[in-house]
Number of protein chains: 2
Amino acid sequence: MRRSDTATQPKFRREPPDSRREALISATLASLSELGHEGLSVRRISAHAGVSMGLINHHFSGIDALVAAAYESLAARLLARSRDPALALVGEPLAALHVYFSASFAPQALDPAIFRTWLVFWSLVPHSPELRAVRERAGRETRVTLETLLSRLRRQPGVCPFKLGPARIGLSALMDGLWVELSLDPASFEPARAVSLCDDWVRALAAGAFPALRARAPGLSGSRTPRTSPAAS
Amino acid sequence: MRRSDTATQPKFRREPPDSRREALISATLASLSELGHEGLSVRRISAHAGVSMGLINHHFSGIDALVAAAYESLAARLLARSRDPALALVGEPLAALHVYFSASFAPQALDPAIFRTWLVFWSLVPHSPELRAVRERAGRETRVTLETLLSRLRRQPGVCPFKLGPARIGLSALMDGLWVELSLDPASFEPARAVSLCDDWVRALAAGAFPALRARAPGLSGSRTPRTSPAAS
DNA sequence: CGTGCTATTATGCGGTCGCATAATAAGCGG
DNA sequence: CCGCTTATTATGCGACCGCATAATAGCACG
């Protein structure tokens, strides 16, 4: 019909496995972002990808493996979007953190559809070791990114030394909380407000306004440095 | 069997509708906390309540109405557990906030089962106007509680005046983010750390360490006061 | 132009889902 | 002790679920 009336066009295209896997991952993310948990279905995902249902069990060991792959893909993309521009500014830690915040609260990161998808992953984490492993990997990368940015700030002159780990926990929680609230109710406040709250938090940290986060030995010590060793909690 | 061999005990007990409704709500919360989304099923909930499936459709208009009622019930209970002891301390705003934080990060509030349940509600909010309304009510109550506590702090002598609304947004986000992280991975840090991070945040706020939150007119003005009018954003 | 490999589709099975319907029986007022 | 109200159960229906199986067909290669 589309090509010609005499030559029947092929009913489907054979794709290399990697390309098909990627397409299925994209379809999974699209389906989850549209429908939330309702979208987590072999039939819906395959329909979204324009292929038949059986392809999922052909290219993945099951729906769980596909979801884990989709989780990993989305996490990596979101992380890179805020980390890469921030880590590029090596000279000015405060500006780098501001870039990190701005990217984290950019409109594309605040899309409620992304939050819907994320909720599905969160809800699956307690039941699936595979999902839990993905989350741990993503969490570790976020930790090293944030601790790198904070440690650069700490070694700046005039900055009151602070405990790196707990500071990262607090800042990470503040960002997550702002992101959750904005995703659940985009009208509750402006994304710029979220950025300024994070900027303020970092400034207060640098000024030593958080007593419980102050490092004991003010000058040297460097109680903890970001590390890649597996001992990170 | 239990009572006597001759007198057959009744096959079921007739309960007044309100009592049965409450029992079904409890069973819903129990089922959700055990199984997450998997627990959101007429059959599972009714089995948990020890009644037959049809009772849910008899006492509620459908599964959605039951879930909304369960959401409201859990939200009210959690809110009261932290609000009531905190609002009781009228004289010392900092201590009252500390009590609020401590109650919010008490072991019973950090039960991962509660988080599983909460995730189900969050994931349903975008699809159900009824759930959205419940969330808005709960959010409003949390807002007035936090703004009451913060406004008491603000009128304390020596406290740098701050914008009430944005401050509440930041503190609320910090608490939510800490709660999410602790619920997803209870081993990531100690609940006491969460409390101290919140305490520190409030102290920094009182010390004027958050530039973007400082009120323009330092002495009077009282830019905003907690209100019950429907204009609250 | 075959021919084989395998990506892809089509179909079927056992299970669970929410809900509607009809039958049942508990418990109370007479 | 009886009958009425209605809370409660039992059952059935259509739809969707994940997955296994077998048939189909694209397409690279000889």
Side-chain angles (χ1 to χ4, degrees), chain A residues 2-4 7-25 27-28 31-32 34-70 120 123-124 127-128 130-131, chain B residues 2-4 7-25 27-28 31-32 34-70 120 123-124 127-128 130-131:
Chain A
R2 190 169 301 159
R3 271 273 155 104
S4 124
T8 67
Q9 78 272 15
K11 295 184 179 173
F12 58 86
R13 284 191 28 155
R14 282 170 85 100
E15 295 279 344
D18 285 349
S19 135
R20 197 60 99 179
R21 280 176 55 98
E22 253 189 65
L24 286 173
I25 289 174
T28 303
S31 181
L32 288 183
E34 280 178 13
L35 301 168
H37 300 86
E38 312 280 331
L40 191 56
S41 138
V42 177
R43 282 170 177 81
R44 272 188 239 265
I45 292 171
S46 54
H48 219 287
V51 300
S52 94
M53 186 183 90
L55 255 197
I56 287 179
N57 278 295
H58 181 67
H59 288 290
F60 294 88
S61 69
I63 183 69
D64 292 351
L66 173 55
V67 170
V120 176
S123 71
L124 262 33
H127 305 341
S128 154
E130 201 163 358
L131 274 268
Chain B
R2 190 168 301 158
R3 271 270 156 106
S4 125
T8 67
Q9 78 272 17
K11 295 184 179 175
F12 57 87
R13 284 191 29 153
R14 282 172 84 100
E15 295 279 345
D18 286 348
S19 134
R20 197 59 99 179
R21 280 177 54 98
E22 254 189 63
L24 286 173
I25 288 174
T28 303
S31 182
L32 289 183
E34 280 179 14
L35 301 167
H37 300 87
E38 312 279 332
L40 191 55
S41 138
V42 177
R43 282 169 176 84
R44 271 189 240 265
I45 292 172
S46 54
H48 220 287
V51 299
S52 93
M53 192 183 84
L55 255 196
I56 287 180
N57 278 294
H58 181 69
H59 288 289
F60 294 88
S61 70
I63 183 69
D64 292 351
L66 173 55
V67 170
V120 175
S123 71
L124 262 33
H127 306 336
S128 154
E130 202 162 357
L131 275 268

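All values reported here derive from a predicted model rather than from experimental measurement.
The side chain of Arg44(A) has dC17(D) as its nearest neighbour among dT8(D), dC17(D), dG18(D). Listed nucleotides dA7(D), dA26(C), dT8(C) differ in distance to Lys11(B); the shortest reach to its side chain belongs to dA26(C). With distances taken from any side-chain atom of His59(A) to the nucleotides dA7(C), dC17(D), dT9(D), the minimum falls on dA7(C). Relative to the side chain of Leu55(B), the nucleotides dT9(C), dG18(D), dT8(D) differ in distance, and dT8(D) lies closest. In the set dT9(D), dG26(D), dG18(D), the nucleotide with an atom closest to the side chain of Ser52(B) is dT9(D). Closest to the side chain of Arg20(B), out of dT9(D), dA7(D), dT8(D), is dT8(D). In the set dT8(D), dA20(C), dT9(C), the nucleotide with an atom closest to the side chain of Asn57(B) is dA20(C).
Remark: His58(B) is not in phosphate contact with dT8(D), judged by side-chain N or O atoms under 4.0 Å from OP1 or OP2. Taking 4.0 angstrom as the limit, Ser41(A) places none of its side-chain polar atoms (N or O) nearer than this to OP1 or OP2 of dC16(D).
In this structure, Leu66(B) reaches neither bases nor backbone, as no heavy-atom distance under 4.0 Å exists between it and the strands shown.
Residue side chain Arg14(B) reaches the base of dT6(D) through a donor-acceptor N/O pair under 3.5 Å, judged by distance alone. The base of dG27(C) lies outside donor-acceptor range of the side chain of Arg13(B), with no N or O pair under 3.5 Å.
For the pair Ile56(A) CD1 and dC16(D) P, the computed distance is 17 Å after rounding to whole Å. When the P atom of dT8(D) is taken as reference, atom CD1 of Ile45(B) falls 16 Å away, rounded to whole Å. Computed from coordinates, the Arg21(A) CZ to dT6(C) C1' distance equals 17 Å when rounded to whole Å. Here the P atom of nucleotide dT11(C) and the CZ atom of Arg43(A) are 13 Å apart, to the nearest Å. Atom NE2 in His37(A) sits roughly 14 Å away from atom P in dG18(D) (whole-Å rounding). For the pair Glu38(A) CD and dG18(C) C1', the computed distance is 12 Å after rounding to whole Å. When rounded to the nearest whole Å, the span between CD1 of Ile63(B) and C1' of dT16(C) equals 14 Å. Whole-Å rounding puts the Glu15(A) CD to dA25(D) C1' distance at 15 Å.
Taking for each of Gly54(B) and Phe12(B) the nucleotide of DNA chain C with the nearest heavy atom, the 5'-most of the two is the partner of Gly54(B).
For Glu22(B), the CD atom is loosely surrounded, since the number of other residues' heavy atoms within 6.0 Å does not exceed 12.
Under the 4.5 Å side-chain criterion, counting only non-hydrogen atoms from C-beta, Leu55(B) is in contact with His58(B). At least one side-chain heavy atom of Glu34(B) sits less than 4.5 Å from a side-chain heavy atom of His48(B).
Across Ser46(A) and Val42(A), no two heavy atoms sit closer than the pair OG-O, 2.7 Å. Closest non-hydrogen pair, Ala70(A) versus Ile25(A), comes out as CA-CG2, 3.8 Å.
Between the side chains of His127(B) and Glu38(A), no donor-acceptor pair is found at a separation under 3.5 Å.
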